[in-house]
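All remarks here apply to the structure that follows.
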Amino acid sequence: MLEDQKQWDEKLQADLEQLKLKHEGNRDLKDKLTQYERFINPSYLNSPMWKYANAANRSYLNSTLWKLSKEMNEDYLNSLMWTYKKTISPDYLNSSAWKFNKTVSESYLNSPMWKLRNGSSTSYLNSPMWKYKQGKISKATAKSQYSKLFKEQTTAISKSNAARKSEIAKMASGTQKKIGELYKETVVTLETRREEALKSISDLRIEITGEGLQWEPLLVKKP
């Protein structure tokens, strides 16, 4: 769109110079020509070309393109990509990836793997192997208790990991869909701003010369 704006700026500035020469000394059109000059100036606050230029300026706060860029910026707090990055980051507390890692960590207190490691340890108080070593239960009972523990914790790991993978997949799919929709909205909005700007300028030109501007859609094809 920057190239399109540049082309229109050059074209409209040249048009303005021709109109000034053609209608030089015409007092009836003096105010209209001044208004036309303001309309085509992208630096003139709230002029049609100013609105078009700023809608496509990603650095202009709350502009159409700024909003799209914000949502695609993973460092912008609460943006779509920030939320997605948070979900898949194992370093972000309570994220899906963080929970996934903790589930399979032997060193994370009360995780399934932590319970399995301690359940098989002869030095961990009240574990099946500890009880067997202390002579409190038989070897067969110790094996049975650990077998039960193993089944419970591996099932917990399987369910937890499946849930975390599902969360991450849904987040990825949802984020992609939202960004896709936002992109389409952005394209339509930018095309609308362009259309509005050129129509306003064209309508004013008709008042001056009887002839308007000609243009084709830039981003959205006519049905």
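Throughout, residue positions are numbered sequentially from 1 according to the sequence presented. Not measured: the values here are computed from a predicted model.
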Contacts table for residues 32-40: side-chain donor-acceptor under 3.5 angstrom, sequence neighbours left out:
| unit_1 | atom_1 | unit_2 | atom_2 | d |
| --- | --- | --- | --- | --- |
| Lys32 | NZ | Glu207 | OE1 | 2.5 |
| Thr34 | OG1 | Lys30 | O | 3.1 |
| Tyr36 | OH | Asp15 | OD2 | 2.6 |

Show me the donor-acceptor pairs within less than 3.5 Å that the side chains of residues 130-141 make with the rest of the protein, sequence neighbours left out.
| unit_1 | atom_1 | unit_2 | atom_2 | d |
| --- | --- | --- | --- | --- |
| Ser138 | OG | Thr141 | N | 3.1 |
| Ser138 | OG | Thr141 | OG1 | 2.9 |

Original post:
Is atom CD of Glu17 surrounded by more than 12 heavy atoms (other residues, nucleotides or ligands) closer than 6.0 Å?
Top reply: yes
Original post:
Crowded around Lys99 NZ? As in, over 12 foreign heavy atoms under 6.0 Å?
Top reply: yes
**OP:** Taking atom types as modelled, find out whether Asp4 and Tyr52 have a side-chain donor-acceptor pair closer than 3.5 angstrom.
**Re:** yes
Original post:
Hey, any chance Trp50 and Met1 share a hydrophobic cluster, counting ILVMFWY side chains that come within less than 4.5 Å of each other, even indirectly?
Top reply: no
**OP:** Can you tell me which residue pairs pass the ring-ring contact (aromatic ring centres under 6.0 Å, His included) test with a partner in residues 63-108, sequence neighbours excluded?
**Re:** Trp98-Tyr108
**OP:** Indicate if Leu190 and Tyr60 have the same hydrophobic cluster label, given that clusters are the connected sets of ILVMFWY residues with side-chain heavy-atom separations under 4.5 angstrom.
**Re:** no
Subject >> Residues Glu167, Lys170: salt bridge by 4.0 Å N-O rule >> reply: no
**OP:** Report, as yes or no, whether the 6.0 Å neighbourhood of atom OH on Tyr146 holds more than 12 heavy atoms from other residues, nucleotides or ligands.
**Re:** yes
Original post:
Has Gln214 got more than 12 heavy atoms of other residues, nucleotides or ligands less than 6.0 Å from its CD?
Top reply: no
Original post:
Under a 4.0 Å N-O cut-off, is there an ion pair linking Glu196 with Arg193?
Top reply: yes
